[in-house]
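Inspection log for the structure reproduced underneath, given as structure tokens.
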Amino acid sequence: MAFMKNIVKRWKGLVSGNPVYINKKQWIRRGAALITGEGILFILTHICYEDIRFLLLLQLLLFPGAAAYKKREERRKRKQYEEGFREFLRSVMTSVQAGYSMENACLAAVSEISALYQEEENPTVKELRKIASGIRLHIPLEELFAAYAKETGHEDIYEFAVVLEITRSMGGDLVEVMRDAVRHLQQKMDTKEEIDVLLSGKKYEKNIMLFMPLGILCYMRLTNPRYMDCFYDTAAGHLFMTAMIGITVLCYFWTEKITETEI
């Protein structure tokens with residue numbers, strides 16, 4: 001469509017001069033994750049090697065740990081985008097029914113969402129404020145929503161932008177379009193929650209199985225320490241411990257992939 005050609009150009013012009021930053025709470029969250037990771041590695045070094053020098057080797061585990069943390073943060077953000085966009089559409093729909101134009105309804109909805117969520121806690125607020133700024137610069141609403149979809153990577157927002165462009169250019173019931181979008185988002189979120197509830201028991205069992213090798217190792221060390229000396233005094237024992245840690249990490253990512261739900 002024609003409006004998609006100018007999205008990147010005009011959106012870059014809109015957000016230029018606004019540096020990407022990490023707020024204080026994000027720094028605290030990331031710092032806490034790093035400290036927690038180092039603490040886990042220290043405990044793991046003591047349990048599996050009893051030699052602090054192996055802590056340097058286990059630093060390699062920070063890379064897959066950072067990848068897992070990043071993926072979890074992306075899932076959290078995606079859920080926040082879905083919830084925020086759903087509430088935004090509900091607010092816009094109410095304003096349009098009250099007689100507001102689409103642009104004024106969006107401005108009113110942005111103000112309402114900004115009061116409902118804190119920008120530091122929910123990234124939706126920051127993105128919606130870009131839409132409000134674009135409306136004041138008289139950028140077509142269709143382009144703003146398409147750019148919003150590109151920024152968030154959310155296909156439901158992109159589909160809404162396409163439908164909005166068609167509806168406004170050819171005529172249609174905007175209220176019904178937004179009602180269908182809200183209904184679709186709600187059904188999608190409800191389905192995902194039901195799947196997560198069904199998988200919660202399996203995820204709990206998965207976590208128990210992943211910690212089982214370390215649990216057995218700790219039990220053996222407490223009940224019969226001399227029996228475990230061969231694992232700490234020989235190169236073969238160190239290789240065995242390293243292999244156990246590596247297999248456990250691989251199993252973690254494998255099981256995460258199996259239990260991951262995308263709708």
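For reference, positions follow the sequence shown, starting with 1. For the numbers below, each heavy atom of this structure counts, side chains included, while hydrogens, waters and symmetry mates do not.
- Taking 4.5 Å as the limit, some side-chain heavy atom of Arg90 sits within range of a side-chain heavy atom of Glu87.
- Proximity of Leu107 to Glu103: side-chain heavy atoms (C-beta onward) are nowhere separated by under 4.5 Å.
- Residues Tyr148 and Leu128 are in side-chain contact: their nearest non-hydrogen atoms beyond the backbone lie under 4.5 Å apart.
- Remark: Glu127 engages Lys130 in a salt bridge, criterion side-chain N to carboxylate O under 4.0 Å.
- Between Glu82 and Arg86, the closest side-chain pair of non-hydrogen atoms is not below 4.5 Å.
- Counting heavy atoms from C-beta outward, Met189 and Lys192 have side chains that stay 4.5 Å or more apart.
- Side-chain contact between Tyr69 and Arg30 is present, with heavy atoms from C-beta onward closer than 4.5 Å.
- Lys206 and Glu256 are joined by a salt bridge, as a carboxylate oxygen and a charged side-chain nitrogen come within less than 4.0 angstrom of each other.
- Using a cutoff of 4.0 Å between basic side-chain nitrogens and carboxylate oxygens, Asp229 and Arg226 are not scored as salt-bridged.
- Residues Tyr227 and Met220 form a side-chain contact, since some pair of their non-hydrogen atoms from C-beta on lies under 4.5 Å apart.
- Taking the six-membered ring wherever Trp is involved, the centroid distance between the rings of Phe54 and His238 falls below 6.0 Å.
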Test ring pair (Phe, Tyr, Trp, His ring centres under 6.0 Å) applied to Phe160 and Phe85, step by step: CA-CA 11 Å; Phe160 175 77; Phe85 188 62; 5.7 Å; yes
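- Closest heavy-atom contact between Leu41 and Gln59: CD1-NE2, 4.0 Å.
- Between Glu176 and Arg179, at least one side-chain nitrogen of the basic residue sits less than 4.0 Å from a carboxylate oxygen of the acidic one, meeting the salt-bridge criterion.
- Between Leu141 and Glu165, the closest side-chain pair of non-hydrogen atoms is not below 4.5 Å.
- The pair Glu74-Lys77 does not count as a salt bridge, with every side-chain nitrogen at least 4.0 angstrom from each carboxylate oxygen.
- Contact record, Phe145 with Leu164: CD1-CD2, 3.6 Å, taken as the closest heavy-atom pair.
- Here the closest heavy-atom approach between residue Ile135 and residue Cys106 is recorded as CD1-CB, 3.7 Å.
- The shortest heavy-atom contact between Pro64 and Phe253 is O-CZ, 3.2 Å.
- Using modelled atom types, one finds a donor on one side chain and an acceptor on the other under 3.5 Å when comparing Thr242 with Tyr49.
- Remark: the Gln80 side chain and the Thr124 side chain contain no N/O donor-acceptor pair separated by less than 3.5 Å.
- The minimum heavy-atom distance linking Leu185 with His154 is given by the pair CD2-CE1, 4.4 Å.
- Considering every non-hydrogen atom in both Asn104 and Tyr100, the closest pair reads CB-CD2, 3.9 Å.
- Within the 3.5 Å criterion, the main-chain N or O of Tyr252 finds a donor-acceptor partner in the side chain of Thr255.
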